[in-house]
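Everything below concerns the one structure shown next.
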Amino acid sequence: MRTSTSRPSSNGRIDTARRGSGTRRLLAVAAITASLLVGCSGSRAGTIAAGNLPDVLRDKDATSEELFALYSDALVQKDTELLGSVLGDQFLLQRTNGTWTDKAGFLAQLPDLRSFTAGPVEERRGEQTIVARLDATGDLVVNGVKYRMTAAPMLLVFEWTAGHWVLQAQGNFNLPGS
């Protein structure tokens, strides 16, 4: 059984805006509330013990759609403890506007993501890696800048390490503006 109920809809898209409070309850069971982590710093702060990770992270056969759905749910809910476990220690995020951040910087200043739709997902799998390409649309504000609500390409790299998946790289190619 997977802890995340996020699944692509019949059209192959992931839509966080349609999910109800069930996902929130599942994430609450899987992680301590993010409010307990306010003020924590460092890339290891706020991670979940390996034995308590959501099932999807510990499933070697998990798809990039399932992993991305868990990640986007955690972003919408600002669950820094779960995000601390989803993001790998070498995590880097590159944005179209030229800015980038690492794991500690990302966790310290989360984007304001209110809803998210993504898909279809194109996935390439190796023994220890999953590289995924998708188009994403989100109600998103980063560093006070509102981003367009149009589909934009995204690239994700997941790595199987220490018995679970982590997100090591993310490229966002969406543009600021309305």
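Since we're looking at a predicted model, the values are computed, not measured. For the numbers below, each heavy atom of this structure counts, side chains included, while hydrogens, waters and symmetry mates do not.
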**OP:** Not counting sequence neighbours, which residues clear salt bridge (Lys or Arg N to Asp or Glu O under 4.0 Å) with Asp112? List them please.
**Re:** Lys78, Arg114

**OP:** Just jot down the salt bridge (Lys or Arg N to Asp or Glu O under 4.0 Å) partners of Glu159, sequence neighbours excluded, or say none.
**Re:** none

Given side chains that start at C-beta, do those of [X] and [Y] come closer than 4.5 Å, heavy atoms only?
X      : Y      : result
Gln170 : Val157 : no
Thr161 : Gln128 : no
Asn172 : Leu93  : yes
Thr129 : Trp160 : no

Subject >> Gln77 (side chain) donor-acceptor with Ala74 (main chain) under 3.5 angstrom >> reply: no

Subject >> Donor-acceptor contact below 3.5 Å, side chain Glu123 vs main chain Ser64 >> reply: yes

Subject >> Non-neighbouring partners of Thr99 that pass side chain to side chain contact (heavy atoms under 4.5 Å, CB included), sequence neighbours left out >> reply: Arg95, Asn97

**OP:** Could I get the full list of side chain to side chain contact (heavy atoms under 4.5 Å, CB included) partners for Thr150, not counting sequence neighbours?
**Re:**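 Thr150 satisfies side chain to side chain contact (heavy atoms under 4.5 Å, CB included) with Arg148 once adjacent residues are dropped.
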
For the [atom1] atom of [X] and the [atom2] atom of [Y], what is their distance to the nearest 0.5 Å?
X      : Y      : atom1 : atom2 : value
Leu87  : Thr80  : CG    : OG1   : 10.5 Å
Trp165 : Leu70  : CH2   : CG    : 14.0 Å
Thr63  : Ile130 : OG1   : CD1   : 7.5 Å
Leu156 : Leu134 : CG    : CG    : 5.5 Å

**OP:** Run through Val56, Leu83, Leu57, Val76 and flag the one making a side chain to side chain contact (heavy atoms under 4.5 Å, CB included) with Tyr71.
**Re:**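 Answer after filtering Val56, Leu83, Leu57, Val76: Leu83.
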
Subject >> Residue list, side-chain hydrogen bond (donor to acceptor under 3.5 Å, both in side chains) with Gln90, at least two apart or on another chain >> reply: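 By the side-chain hydrogen bond (donor to acceptor under 3.5 Å, both in side chains) rule, Gln90 matches Gln168.
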
Original post:
Where is the tightest heavy-atom contact between Lys103 and Gly84, given as atom of each residue plus distance?
Top reply: NZ-O, 2.8 Å

Original post:
Passes salt bridge (Lys or Arg N to Asp or Glu O under 4.0 Å), Glu122 versus Arg124? Steps please.
Top reply: CA-CA 7 Å; Glu122 201 51 48; Arg124 300 293 184 268; 2.9 Å; yes

Subject >> Linked hydrophobic residues, Leu92 as query - side chain contacts closer than 4.5 Å >> reply: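 Leu92 clusters with Trp100.
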
